[in-house]
Amino acid sequence: MSTLQPTVTASGTLPAPTALKRRCQTWISSYIVRLAYDNKVAEWVAIALFLSGLLLWDAIPVDWVIARWSLIFHLLAGLIVFPLTTGLFWVAHRRLMQSSDKAFLRKTGSFLDVIIGGCFVSGLVLTFLGETGNLPSNLTADAHWLSGLILGPVMLVHAWRYSVLRFKK
Amino acid sequence: MNTPRHLIAAFILFLTFASLSIASPTSSGSLQWSADKQWIYSANLWQGSISKVPADITGTPNVEPNELILGQDIRRIAINSHQSELLATDYLGNEIILVDTKNWTIKQRITTGKRPFGAVYQASHNRYWVSLFEDHQIIAIQDGKIVTTIDTLETPRGLALTSDNRLLVTHSMTGQLSIYSLDNIPSEASKIITLNVGQHKDEFVSQGLPRELDDIAISPDEKEAWLPHVLWNFDHEFQFQSTVFPAVSVIDLTTETERVDHRKELFKTINIVNNKNRTRIVSNPHDAEFSSSGKKLYVTLAASDDIIVFDRSRIGKSNKKRHRRKKLHGGVKATQVYRHTPGQNPRGLLLKGSHLWVQQSIPQTLALFDRGGDNAFDRVSLIEPSWTQLATITSSENINKGRALFHSGNTDLNPEHPIAGDFWMSCNSCHQDGFNFTNRYLMEAYGQDKHQDARVGHPGLSNMVSGDFVTDYVNIIQKTQGGMGEDDRDGALPLKASEAMGTIMGDMMNLHQFVTLPHNLPFIATWLKLDGEHLTHPKAWTNSAQCAECHQEMFDQWADSNHRLMGESNPYFMAVLNAAGQAEGEDFKDWCLGCHMPSNVMSNLPLKSKGHMFEKNGASLKRALENNQADIDEGTSCLFCHRITDMEDAGGNASFTVNLIDREHYVGETNTDSSVMQWLSSRQINSKPKRHKDSYMKSFYTDPKLCKTCHNEFAPGTGALIVDTYGEWERSSFNNPEDPSKHRTCIDCHMHGDIDRIGEDIPGLSTDRGTPKKNVVTHQFTGANHHLVGLRNKKLEDMSLQLLRSSATVEQRFESAQLIVKITNVGAGHDLPTGVADFRQFWIEVTASDANNNIILSSGYTDDKGNIEANARLFMKVFGDTEGKPVGLLFWRYAQLLSDTRIPADGFREERFSLPSNTIYPVTVKTRLLYRIYPQWVTDAVQAGQPDLPTPPIVELQSLESQFSP
């Protein structure tokens, strides 16, 4: 026979570890709810990645002295900062976006779902497997370039009203 | 009343503008006038600057010049007709610089091909023309852009432009003059004049190949162009006053032909004697300038530090009673040798009225002379020895002294220990601008019988220059230039080369400092150059195992190849290297190491005591990479080959430039101590590899001339051509770019993955998961040394043997009681064998037996110890020293070719064997074509130091058995 730990104390309060867990869950839930509306950091990171990515585009003649720093920034920011900021924001924001009664927001939001996911995954593939020159790597590089190029404008169109770039509000 | 005055004023104005607007001939020069002749502009050569000086001779002399630093080595300048812009050529910087002459600031830099030299401005089309000396091109620059590039004959250098828009281009190292019509943009020269090559039985008479044509002077009536130059006559051993001669050639611009009999041979033909009643000898004619009337011509003599004056006042006057010489030489006569200019190395000239300015390039000063006038008896006299200082001398005093010695042939500067005897020549008379690609033309000018004398350059060296440079510099000065007491007629003291002390030692050290400048021979024995650095840090050499991360297959091919393990791990090489060090001095080893272990030379690292002859798959490199240790590998590592950023076709001896610092690094790429940074840099390269690829690929990597830089060898100092694999290929049918189906370059055979399919494309990848290539260039470097590569990799050995077996065929026939064996070189593409000397054994073994099965003839067998019998028919060359004895291992002492039985590409040799008269037929003949990588005696010597070295086998390449009846 095993003795089960009481889930509720005699005084009607939860034991300390469970209470802490609950409090954390509550905090995270409320943070995610709040995060869903807090787009500033996420947007700045996305914009920084967009611009640093542009500097790596061969069509834009940038001196290698600048491009090399842009590359390492793009790589590290995309690998570390992006998931922790834009990624989290988007996870939090998706429920809000999906439940929106505005069809435009739902449509552009769903499109951004695909674009962000594609851009991130293709970026990971390029970082770890590389643009080695074969067909899959070339398609991955094209996908990253195209998704990144679309991501910026679509993001602005999706929520221009709240954009950090809309200085006059 | 005013009308006549107005008319006169208008007429004067008209004349003024007309004189400015009418085009006049211009020529490229290091001194130029502004259009109004109020300013003198100078290109200050190796000071890397230009200067402008007001040409006010009434003002205070020694005015401060307005100097503007532009680059490394500014050779020529041209100024536009508005005087608003100046173009300067940076000879070593490979760029042209446009300067705003009003603000005296740099407007623009334009990168050009290699060694931009001459520059002229074409007013009619508002464009400049520039010659690219090493790239064999001329280019037009308009509105700050290169608008036209024209391929020319080799080595375009001096430029001049006539008023009817003809561009004259001298080809400095081939003795030619091209004329281009510039009314439209030309695609090719309208006329090519090859200057006359005179020959005379007497070696001490002026003759030879016109070379070093730096400048052109066009006469004011534009009927003639005068070209100062030297003549090279290398058809006999280099000796005092018989191999280099000064001359000025004359071109008739009306008929566009050379006036051969008008050429001014300046060696012992000038009717001007010195105070010892000897004809004055002058050296290195450089620049020439006509007086405005055309009656006088002034030529600077850059080595003897003189100015020679020609009187042309009697030119064209018909008088049948005239003296024979006057008729022959067109009435032009040397009337004065102004000896000497106050400063050394006179180059550019400018004339205005009765004044003559001469650029003296060693002190960087302008001297001012009074021309005297245009009459035959007028003489040049000095007004101001240093009228102005043109440039601030930035190089050290020692280097400047060394440079002065290199360019000097002035015996009077040091009568007791002169650099040249009797003002004859300077180092620069042959080594134009130092040690560079022009070396090839010295070797091409060689005209002797190799069996008599194979040396192109300096005889009598003690230690091949680099072994003991002081002794050998004195040797060279004595035996080549007649200096240092060799010619004692002007008071020079006798000197034993090995006993040079005191000031002579100091002079030689200074000369050495100049010779070892980065653009010359920084490592003296080898022609290897390192761009931008003095030496590299060992950690700067990326471990090749790191490249395997993405180029695994290429790494694997290379890791066991002889292109990697050709230094410490090649015991044969080490034996010869040690012999070289013992015979000539430790520094001479760099001659070998420049190709075999270049990274060590560039890092100045000692050799390791032991190599890794048996190491497979680059194990030591991988170990070093895992342990984050630098490993300067022997041979040609990935980074070494793929960071050769420039090559000079100097004739071999590692004549290329390596640059490790200017490549486009990724962040953290050079931080080899940090695994994290290395990982990060790999991720960056992975995700954006284009820069990486661009940094490690150059278009000339597929050029066979790159292979020539190491697979051709010449002996330092003597210039004897030891290995000429490139030349052997160049003369063969395999060099056939017109027919791609027959054209085979080095990489087509030696960097091909399937020997059976040479000539076919082999698709593949050079990067893991990379772009599929139609033909992948592999990195096994398949060659003749099957033995050493076979110790590590059986597959590579098989490829080598396969290649060897495809090289030759054997046939045999019976003719006039003689057995004839014919070996044909069908596949090598170069001589069989090629390479150094008698190290490759390639021979036939013949056995003939009669009807009774008795052996009646045998040849080419080895004895018990592995030595080939003495009467064997070997295909090889044998080098001899100056006394005609075989040089053995010391092949750099090659002075004469004792024998050469190699089989040229596409050629054959027939070996004849007589059979006994009582032979009972039929005769069965078995012939084997055999090959051994090293002779037994060499292997024995090497095995004494490295007992674990297996003995190379004798390999059968071909075999044939036939039966003959009479």
Side-chain angles (χ1 to χ4, degrees), chain A residues 48-83 117-149 151, chain B residues 109 111 532 542 546-555 642-643 645 659-671 674-698 763-777:
Chain A
L49 282 169
F50 179 77
L51 292 177
S52 61
L54 270 185
L55 294 179
L56 302 175
W57 188 11
D58 291 333
I60 298 175
V62 178
D63 198 283
W64 179 244
V65 177
I66 298 164
R68 65 198 286 262
W69 286 105
S70 185
L71 175 61
I72 187 80
F73 170 82
H74 191 77
L75 195 142
L76 288 176
L79 214 57
I80 300 165
V81 184
F82 178 81
C119 196
F120 182 63
V121 171
S122 59
L124 286 178
V125 172
L126 287 178
T127 304
F128 291 102
L129 296 178
E131 189 190 349
T132 53
N134 62 5
L135 186 63
S137 78
N138 288 342
L139 289 175
T140 308
D142 291 345
H144 189 69
W145 167 79
L146 191 63
S147 57
L149 209 61
L151 179 61
Chain B
R109 292 178 182 276
T111 302
T542 304
Q546 195 166 336
C547 308
E549 190 181 328
C550 294
H551 307 281
Q552 183 71 52
E553 206 171 331
M554 296 292 125
F555 174 81
H642 286 272
R643 284 304 298 167
T645 50
N659 183 317
L660 297 188
I661 52 173
D662 292 334
R663 69 186 199 268
E664 296 189 324
H665 292 115
Y666 290 74
V667 175
E669 192 182 351
T670 53
N671 190 349
S674 165
S675 306
V676 174
M677 293 311 286
Q678 284 297 294
W679 181 86
L680 264 178
S681 71
S682 291
R683 300 285 71 74
Q684 293 168 70
I685 294 169
N686 253 343
S687 54
K688 190 166 176 62
K690 188 175 180 302
R691 296 288 177 157
H692 172 78
K693 185 182 171 188
D694 291 348
S695 291
Y696 297 104
M697 286 304 293
K698 298 279 175 237
L765 305 175
S766 55
T767 305
D768 304 347
R769 295 176 288 110
T771 311
K773 290 182 173 174
K774 189 175 160 228
N775 181 43
V776 68
V777 175

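Scope of the values below: all heavy atoms of this structure, side chains included, with no hydrogens, waters or symmetry mates. All values derive from a computational prediction rather than experimental measurement. Throughout, protein chains are lettered first and strands after them, A, B, ... in sequence-line order, and every chain is numbered starting at 1.
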**Message:** For B:R769, which atoms come within 4.5 Å of any heavy atom of chain A: side chain, backbone, both, or neither?
**Reply:** both
**Item:** Interface moiety of B:K693 toward chain A, non-hydrogen atoms closer than 4.5 Å
**Value:** neither
Checking [Y] against [X]: is there a side-chain donor and acceptor pair closer than 3.5 Å?
X: B:S687; Y: A:E131; value: no
X: B:Q678; Y: B:Q546; value: yes
X: B:K698; Y: B:T645; value: no

**Message:** Quick check on A:L76 against chain B: is it the side chain, the backbone, both or neither that has a heavy atom closer than 4.5 Å?
**Reply:** side chain
**A:L75 versus chain B, the contacting section by heavy-atom distance below 4.5 Å** = side chain
**Fill in**
Looking only at A:V65, A:I72, A:D58, most heavy-atom pairs under 4.5 Å shared with chain B are made by A:I72
**Item:** B:Y666 vs A:W64, ring pair (Phe, Tyr, Trp, His ring centres under 6.0 Å): CA-CA, chis, key distance, verdict
**Value:** CA-CA 9 Å; B:Y666 290 74; A:W64 179 244; 5.0 Å; yes
**Prompt:** Any idea how A:H74 and A:H144 line up, ring-wise: parallel (<30°), tilted (30 to 60°), or perpendicular (>60°)?
**Reply:** perpendicular
